[in-house]
Amino acid sequence: MAEAPKIELFIKASDDGEGVGNCPFCQRLFMILWLKGVNFTLTTVDMKRAPEVLKDLAPGSQPPFLIYNGDVHTDTNKIEEFLEETLAPPQYPKLCCRYKESNRAGDDIFHKFSAYIKNPNPGLNDMLEKKFLRSLMKLDQYLVTPLPNELDKNPEATVSTRQYLDGDSLSLADCNLLPKLHIVKVVCKKYRDFAIPTELQGLTKYLEKAYQRDEFSCTCPKDSEILLAYHSVAKYLNK
């Protein structure tokens, strides 16, 4: 049997320098390694006091970055591709999506959320909220629409019964989207008293299922970390 790889993931530290900081890219890779079932070391990097050794390892880089058997990898997308190719079946589970549409589901939400949450002008709020809500509705529609393999099993199906974006297993697409949806949920509640409508049943069920998984819920930063990160960019509406 091949020797187990030596893997160390460096992620952004929380404000106190000890816990997990707010960084959806860091959480994405944290989730991928957990789902792969491989042993790895997690190191939090306090960016206010970044040790010299980290500057030597990945000069000019922000977390996340990865050391795999002594080689440093710094680009999140390339790290994801590398892990999927290197930690492959039969020893490790495949996480890539069966359907390419799953990779794009929800890809406009974070952009619409940012415009919505950074706007201080009450006159623009309704318009920005509607655009943001439409992006959530589009994701909800994808989640409730049966995938081709579901229709193969039941051609009469009108509503999907799957748990996640691409099926009943968490995929790379979920590792990308869920950390962003968690930020959206926390920040919108604080600054706009906005919650994802329960009428969006596909999205509601998706998040409920996801929060039941340790790979997601245990890799989330604390709400206070997210709100601290958005303190200087999110705007309350001017009265």
Side-chain angles (χ1 to χ4, degrees), residues 1-2 24-25 27-40 76-113 130-186 188 195-220:
M1 189 172 173
F25 307 106
Q27 187 178 1
R28 172 180 167 189
L29 296 182
F30 193 172
M31 287 180 68
I32 290 169
L33 285 171
W34 193 327
L35 287 165
K36 286 288 184 183
V38 66
N39 289 326
F40 64 98
T76 302
N77 290 333
K78 289 180 181 175
I79 292 172
E80 179 184 273
E81 290 172 12
F82 171 77
L83 292 174
E84 184 67 0
E85 289 172 6
T86 310
L87 303 175
Q91 190 169 358
Y92 303 101
K94 177 181 169 184
L95 299 179
C96 65
C97 288
R98 183 172 184 175
Y99 303 106
K100 65 180 183 300
E101 293 81 7
S102 298
N103 290 312
R104 297 197 296 267
D107 61 0
D108 58 341
I109 287 175
F110 212 62
H111 174 68
K112 300 288 173 57
F113 153 75
K130 282 175 184 172
K131 287 185 176 182
F132 170 53
L133 188 54
R134 276 199 294 271
S135 69
L136 295 176
M137 291 168 67
K138 193 165 96 176
L139 173 60
D140 180 74
Q141 186 60 43
Y142 185 73
L143 288 163
V144 299
T145 301
L147 293 172
N149 67 318
E150 293 181 280
L151 292 173
D152 288 343
K153 292 176 185 173
N154 179 10
E156 305 300 317
T158 57
V159 178
S160 175
T161 58
R162 72 188 189 276
Q163 297 186 10
Y164 306 113
L165 285 173
D166 201 59
D168 288 330
S169 301
L170 287 168
S171 66
L172 295 178
D174 298 296
C175 294
N176 183 28
L177 182 61
L178 284 167
K180 296 173 183 174
L181 289 178
H182 182 64
I183 292 171
V184 164
K185 189 169 75 73
V186 171
C188 284
I196 293 172
T198 54
E199 292 85 355
L200 300 181
Q201 295 180 8
L203 181 50
T204 300
K205 186 185 83 169
Y206 173 58
L207 286 171
E208 284 174 355
K209 290 289 184 186
Y211 281 116
Q212 292 170 14
R213 295 288 298 264
D214 288 348
E215 298 94 338
F216 175 47
S217 60
C218 293
T219 58
C220 287

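Numbering starts at 1 and runs along the sequence shown.
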Does any part of the side chain of [Y], heavy atoms only, come nearer than 4.5 Å to the side chain of [X], both counted from C-beta?
| X | Y | result |
| --- | --- | --- |
| Met137 | Leu200 | yes |
| Asp140 | Tyr206 | no |
| Gln27 | Cys220 | yes |
| Trp34 | Cys218 | yes |
| Arg98 | Pro148 | no |
| Tyr92 | Leu83 | no |
| Pro24 | Ile183 | yes |
| Ser160 | Thr145 | no |

Next item on the list: Would you check if the side chain of Glu84 reaches a backbone N or O of Leu95 as a donor-acceptor pair within less than 3.5 Å?
Entry: yes

Notebook entry, point to check: Would you say Lys36's side chain and Pro93's backbone share a donor-acceptor pair under 3.5 angstrom?
Noted result: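 Judged by distance alone, yes, a pair lies under 3.5 Å.
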
To the nearest 0.5 angstrom, please state how far the [atom1] atom of [X] sits from the [atom2] atom of [Y].
| X | Y | atom1 | atom2 | value |
| --- | --- | --- | --- | --- |
| Leu139 | Asp107 | CG | CG | 9.5 Å |
| Leu35 | Arg213 | CG | CZ | 6.0 Å |
| Cys97 | Asn103 | SG | CG | 4.0 Å |
| Asn154 | Asn149 | CG | CG | 11.5 Å |
| Glu101 | Tyr142 | CD | OH | 5.5 Å |
| Glu80 | Ile32 | CD | CD1 | 4.5 Å |

Next item on the list: Can you sort out the partners of Glu150 under salt bridge (charged side-chain N to carboxylate O under 4.0 Å, His left out), two or more places apart, ordered by chain and number?
Entry: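 Salt bridge (charged side-chain N to carboxylate O under 4.0 Å, His left out) list for Glu150, sorted by chain: Arg162.
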
Note to self: side chain to side chain contact (heavy atoms under 4.5 Å, CB included), that's the test. Do Asp166 and Ser171 meet it? Break it down for me.
What the structure shows: CA-CA 7 Å; Asp166 201 59; Ser171 66; 4.3 Å; yes

Next item on the list: Evaluate whether atom NZ of Lys205 has more than 12 neighbouring non-hydrogen atoms of other residues, nucleotides or ligands under 6.0 angstrom away.
Entry: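 Yes - once you tally the heavy atoms of other residues, nucleotides and ligands closer than 6.0 Å, there are more than 12.
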
Note to self: Tell me if the NZ atom of Lys180 is crowded by more than 12 foreign heavy atoms within 6.0 Å.
What the structure shows: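 Enclosed: over 12 neighbouring heavy atoms sit under 6.0 Å from NZ of Lys180.
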
Next item on the list: Give the intermediate values and the outcome of side chain to side chain contact (heavy atoms under 4.5 Å, CB included) for residues Lys100 and Arg104.
Entry: CA-CA 7 Å; Lys100 65 180 183 300; Arg104 297 197 296 267; 4.2 Å; yes

Next item on the list: For side-chain hydrogen bond (donor to acceptor under 3.5 Å, both in side chains), just list the numbers for Thr204 and Glu208, CA-CA rounded to whole Å, side-chain angles, deciding distance to a tenth of an Å, and then say yes or no.
Entry: CA-CA 6 Å; Thr204 300; Glu208 284 174 355; over 6 Å; no

Notebook entry, point to check: Which ring pair (Phe, Tyr, Trp, His ring centres under 6.0 Å) pairs, counting each pair once, include a residue from residues 156-185, with sequence neighbours left out?
Noted result: His182-Tyr211

Check: How would you list all residue pairs meeting ring pair (Phe, Tyr, Trp, His ring centres under 6.0 Å) that involve residues 94-113, not counting sequence neighbours?
Finding: Phe110-Phe113, Phe113-Tyr230

Item checked: Candidate pair Phe82 and Leu87, rule side chain to side chain contact (heavy atoms under 4.5 Å, CB included), full reasoning -> CA-CA 8 Å; Phe82 171 77; Leu87 303 175; over 6 Å; no

Check: Just one of Thr219, Asn77, Asp174 clears the side-chain hydrogen bond (donor to acceptor under 3.5 Å, both in side chains) bar with Arg28, so which one?
Finding: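 Only match with Arg28 under side-chain hydrogen bond (donor to acceptor under 3.5 Å, both in side chains): Asn77.
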
Note to self: Test side chain to side chain contact (heavy atoms under 4.5 Å, CB included) on Asn176 and Phe25; report intermediate values, then the result.
What the structure shows: CA-CA 7 Å; Asn176 183 28; Phe25 307 106; 5.7 Å; no

